[in-house]
Amino acid sequence: MNVSRRSLIRLGVGTAALGALAPALGAATGAKRKFIYVIAAGGWDVTYAFAPKVGIPTIQGPEFHENPDVPEDRNEVRTFDGLPIMTNDLLRPSVTTFFEKAAKDAVVVNGVWVGTIGHDQARYRLLCGTTHAAKPDVSVIAGSVHGTALPLGSIDTSGLSQMGPLAASGGRIGFRNQIRILVDGTAALPPAGDWASQIDFTPSDAQIDELSRTLRARAERLRVGRDLDLESAARFDSWQQAFDRADRIRNDGAAILNQLELASVPTLTSQFDLAVDLLKGGLCHSVAVGTNQPWDTHTDSAPQNIAYEATFEALGALYDRLLAEGMLDETLVMVISEFTRTPLYNADGGKDHWPHATALLFGGGLEGGRACGGHSENLESLPMDLETGESLPEGSPCRYDNLAAGILEMLDVDPEEWLPGVAPFRGAEPA
Amino acid sequence: MLVRVRRATLVAYTAMLSACNSAPEAPSPAPAPEAPAPVSLSPREQVIRASVAVRGLRPTAEEIARVEADPGTLPGLVDAWLDSPEFGATIRDLHAEAMRIRTDATQDFLLPSAGPIDDRSIDAVSNAIFEEPLVLVEHVVANDLPYSEIVTADYMLTDAIVAAIYGLEHDPAGDTWQISHWSDGRPHAGILSSSQVYRRHGSAGSNFHRGRANFFSSMLLCENFAIRDVAVDGSVNLADPLAVANAVSTNPACVSCHQSMDPLAANLWGFVSLLNYNHVDTAYKANCEDNPLDLVPKSEILAFDLACYPTRLYQPANELGWEINALRPPGYFGEPVDGLVDIGRKIAEDPRFAQCTSRRFWSYLTQSDLDEVPAGLVARMADGFAAEDFSAKALVREIVLSPEFLSRAAVAPADSAVVPVLTMRPEAQARAVEAITGFRWMVAPEQGVCSSHCWDQVDLMESDLYGFRAMSGGIDGNLVTEPIFLPTATRSLAYGRHADAAASWVVEQDTPLADADRRLLGGIDLGATGEADVRAGLEILHARILGSPPDPIDTDEAWALHAAATASGQSAADAWKLVISLLLQDPRMVLY
């Protein structure tokens, strides 16, 4: 094949055309893991769990905020199936609980070099493997490649997913589950004031099907005879794909989406449950979820405990659910925050941004109980062997793009097509 | 995404598609064909594209007919549209995207209904505070003042809610939005002084306003420091402000960015670092007594009494914070400056401002990537912009009447651009549908579940929290930061439901009215089910909604829908709703 998928995406080629490539790639790479991408937006402090740093004068971890009057408020490093984790069973008991059961299936990737301390830019880099916000993230890429026959390739419950030129393959749930309004003809929010009672018309399913068919036919007639640039061609392609996928969502997604509680505030646990339902129900190949926790602790570090506890309580439930559904080995879960926080507390008792990240991976059949990479005594990314994940003084730090390329590879997507020239991080499942 | 395609890539693309459909091996590259020259859009296409771009509305049938009869009338129409309120809405939308200022889904950036605005709904407060900087820009553009006034204006605009929040003068008997002035001692420099800009772009911890400086640099000069790699020296104790100050001044890893960014940031110290919803809410819960507010950096004493309305977002006593923290003094890319007003003047005089403005307007109106607008095109637009005394109207006029905008081409000529088929943004789709049907998709999302300080009335096409803006390709200003112009499944579903509701609304509204008083359905026998009458009505509707008589196949399709509906027992009214919904979703409506 002469043209890389990368070049086509850069040029904005429609995903309908790209979808034609998927079978060839999939056939060459065997089984395809499903993917749940959990984004802890704000910047978690990795010393609270993944990167225990005790007794190092240049790093202040959670032990600096222990309450001497509360004996149970103690941070200690414990090892779970070989994975060293900082724990506090008073303030973050769910971290302990999670790793007690899941460490054997979990890999921690420490010391991922992000190269920026801005929230958005760091998020783009880690999610997409590039500095450009208009590129698709790994969840969307995997969904577009493997989800061509599904209603959607990827679904975002968080707002954090970057869709870029693959947007036609993805979808968003909405912050208050409003996708239900679009799928369930009986669901609606109360009309406001004078707008009430005049808008009770909903076409029948058959009529919606006919509208969809007609609108696709009209777009095709509009396109015929035009000498189009590639972006315009992509938009016409996407028009067809959008209606096709919309039909599939209505027909195949109603059983799940019609159960969403309209206008409610989703909890993290409910989002994870929805993610599993969506994957199990075959509505998509990958799901992005945001933790929606107070990670950005510039003025007070106590919320780190709250955020860790809430996140790991829900992650524990997700682990249990995936296990119970028999989906754990076929579903890779990646939990990541855009960076960690500074080694030392600032004058306000908080910590600022520090451009070195940590990722937690579990499920997907990983052989867990391992921590890859590491941080220096200044909490900087240590060089590692990208093939094994082991620290290697003569190596180089795992960069954000190495990690993204590695995740794509783990998801049976050829990273060279999307992040050309980037060496994939392979330490999570070394040969 | 702006597409500038090499001929060889096009050939390869064609070859790839062929290979996917037939053989696994790609055929040998075909000889490169000559790139066809750009082709002008038809007069109809031109007037539609220009109208939607300028004002988010489709042209009337009369406007289309006028341009079809004489294409030379298009510039005059554009001039008229540039004076319309809808163009003001477009300008606000453009800048809302650039500033990421409409953030109804992120509570931090909202403000509570409390104190003097205790009786206001959250949506009313949100709409007011979001629009505060946008209305200023609209005022500058609508009055054809030099666009640079957005960073030099010695005034601001406020409505009653913003006035109550910040203690501003506002005449209740006057216009909704009035010229006024900040009253907390801040200098006036257009949007550089806007409260909501600083609230949206906070400065946490020891960021020391650098994020804000980068926002202004990025938005106004297209100079984005954040995209550069940061190699933070781990040996620097970031907990020690003096060590940080020393590092950003002397450490080679830090200096390259900080020598430009920090002097800009030094001008912003008077603005408190953060003032989020919770800060004000907490202050009110503490009865606005003079307690230190723990949630902001302790280095800034923003007491509860100052967080309550009228809140004091600006603290003159903090202006020298840069000096206290041993940071670089105020400056502008190597030049000394005298405060925020001087910064505004420097930006206005900076050639990058005209170039960035031209780039941003082109990018927005052509739905192309800001970073990929060809340099030659930017230079051409910027020269014209400067020559027209920074008239944003003239800039928009030049863009929408440019050969690139009014033509199509498979391949862009050198240093030019192809403007692709454009897609209705959700805000424009909402305006266009409202103009045709009178309908706005207003809901009361918390009715029955909230008794005070509620979301009262929300337009689902302009909301991200409860509605479909971000799900239809828009941004939410915080998490969803990149607009999507490709048709998507959720956009199709949302536009479909919107169209259903609008169709229902207009049929119900028009039905009891006399024919001459109807908004859309005048001249149509709404009770008719006979083919001739229905087809006649469909032709009227097609012309009114899409601005042209239908092709026979259009009418056949619509008639089939209408007839099937009535044949299945639905009312004639419902059948009309169905075909109106079809027309409101038509690709000729959504793509332009």
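Throughout, protein chains are lettered first and strands after them, A, B, ... in sequence-line order, and every chain is numbered starting at 1.
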Turns out that what part of B:L561 lies under 4.5 Å from chain A's heavy atoms comes down to side chain

Applying a strict 4.5 Å limit to non-hydrogen atoms, the region of B:V590 in contact with chain A is side chain

Applying a strict 4.5 Å limit to non-hydrogen atoms, the region of A:T116 in contact with chain B is both

Under 4.5 Å to a heavy atom of chain A? For B:R469 that would be neither

Do A:L182 and B:H498 come close enough that some side-chain heavy atom pair is under 4.5 Å? no

Is there side-chain contact between A:S238 and B:T488, with heavy atoms separated by less than 4.5 Å?
no

Would you say A:H353 and B:N207 are linked by a side-chain donor-acceptor pair, where the criterion is simply a distance under 3.5 Å? no

Bottom line for B:R228: the part with an atom under 4.5 Å from chain A's heavy atoms is backbone

B:R408 meets the side-chain hydrogen bond (donor to acceptor under 3.5 Å, both in side chains) criterion, sequence neighbours left out, with B:E45

Practice problem: Decide side-chain contact (heavy atoms from CB on, under 4.5 Å) for B:T481 and A:Q162; before the verdict, give the C-alpha distance in whole Å, the side-chain angles of both, and the deciding distance to 0.1 Å. | Solution: CA-CA 9 Å; B:T481 57; A:Q162 301 296 122; 4.2 Å; yes

Rounded to the nearest 0.5 angstrom, the OG-CG distance for B:S492 and A:L211 is 12.0 Å

The reported gap from CD in B:E482 to OH in A:Y124 (rounded to nearest 0.5 angstrom) is 5.5 Å

> Any side-chain heavy-atom pair from B:D229 and A:W113 closer than 4.5 angstrom?
Replying inline: yes

Review point. Side chain of A:R245, backbone of B:A489: donor and acceptor closer than 3.5 Å?
Key: no

If one checks every heavy atom of B:A564 against chain A at 4.5 Å, the contacting part turns out to be neither

Turns out that what part of A:R123 lies under 4.5 Å from chain B's heavy atoms comes down to side chain

Okay, B:L591 and chain A: the region with an atom under 4.5 Å from a heavy atom over there is side chain

Take B:L460 and A:L189 through the side-chain contact (heavy atoms from CB on, under 4.5 Å) test and state the conclusion after the steps.
-> CA-CA 10 Å; B:L460 290 182; A:L189 292 165; 4.1 Å; yes

Bottom line for B:A409: the part with an atom under 4.5 Å from chain A's heavy atoms is backbone

Between the CZ atom in A:R218 and the CG atom in B:L583, the distance rounded to the nearest 0.5 Å is 6.0 Å

Between A:H132 and B:D371, the two heavy atoms sitting closest are NE2-OD2, 3.8 Å

Checklist entry - Would you say the side chain of A:I179 lies within less than 4.5 Å of the side chain of B:T490, judging by non-hydrogen atoms? => result yes

One should read off an interatomic distance between B:D574 CG and A:S204 OG, to the nearest 0.5 angstrom, of 10.5 Å

Closest non-hydrogen contact found for A:A167 with B:L486 is N-CD1, 4.3 Å

_Could you check whether any side-chain heavy atom of B:M442 comes within less than 4.5 Å of a side-chain heavy atom of A:P191, counting everything from C-beta outward?_
no

Rounded to the nearest 0.5 Å, the OG1 atom of A:T131 sits from the CD1 atom of B:I227 at a distance of 4.0 Å

If you apply the rule side-chain contact (heavy atoms from CB on, under 4.5 Å), what do you find for B:R497 with A:T202, and how did you get there? CA-CA 8 Å; B:R497 289 286 280 164; A:T202 302; 3.4 Å; yes

request  = Report yes if some heavy atom in the side chain of B:L582 is under 4.5 Å from a heavy atom in the side chain of A:L215; otherwise report no.
outcome  = yes

Separation between CG (B:D476) and CZ (A:R172), nearest 0.5 Å, reads 8.0 Å

task = List the steps, then state whether side-chain contact (heavy atoms from CB on, under 4.5 Å) holds for B:V411 with A:D229.
result = CA-CA 6 Å; B:V411 182; A:D229 62 286; over 6 Å; no

Turns out that what part of A:S158 lies under 4.5 Å from chain B's heavy atoms comes down to backbone

Query raised in the report: Can you find a side-chain donor-acceptor pair between B:Q367 and A:E231 that sits under 3.5 Å?
Result: no

Turns out that what part of B:Q570 lies under 4.5 Å from chain A's heavy atoms comes down to side chain

Q: Taking the side chain as every heavy atom from C-beta outward, state whether A:I173 and B:M471 have any pair of such atoms under 4.5 Å apart.
A: no

Applying ring-ring contact (aromatic ring centres under 6.0 Å, His included) to A:F236 and not counting sequence neighbours gives none

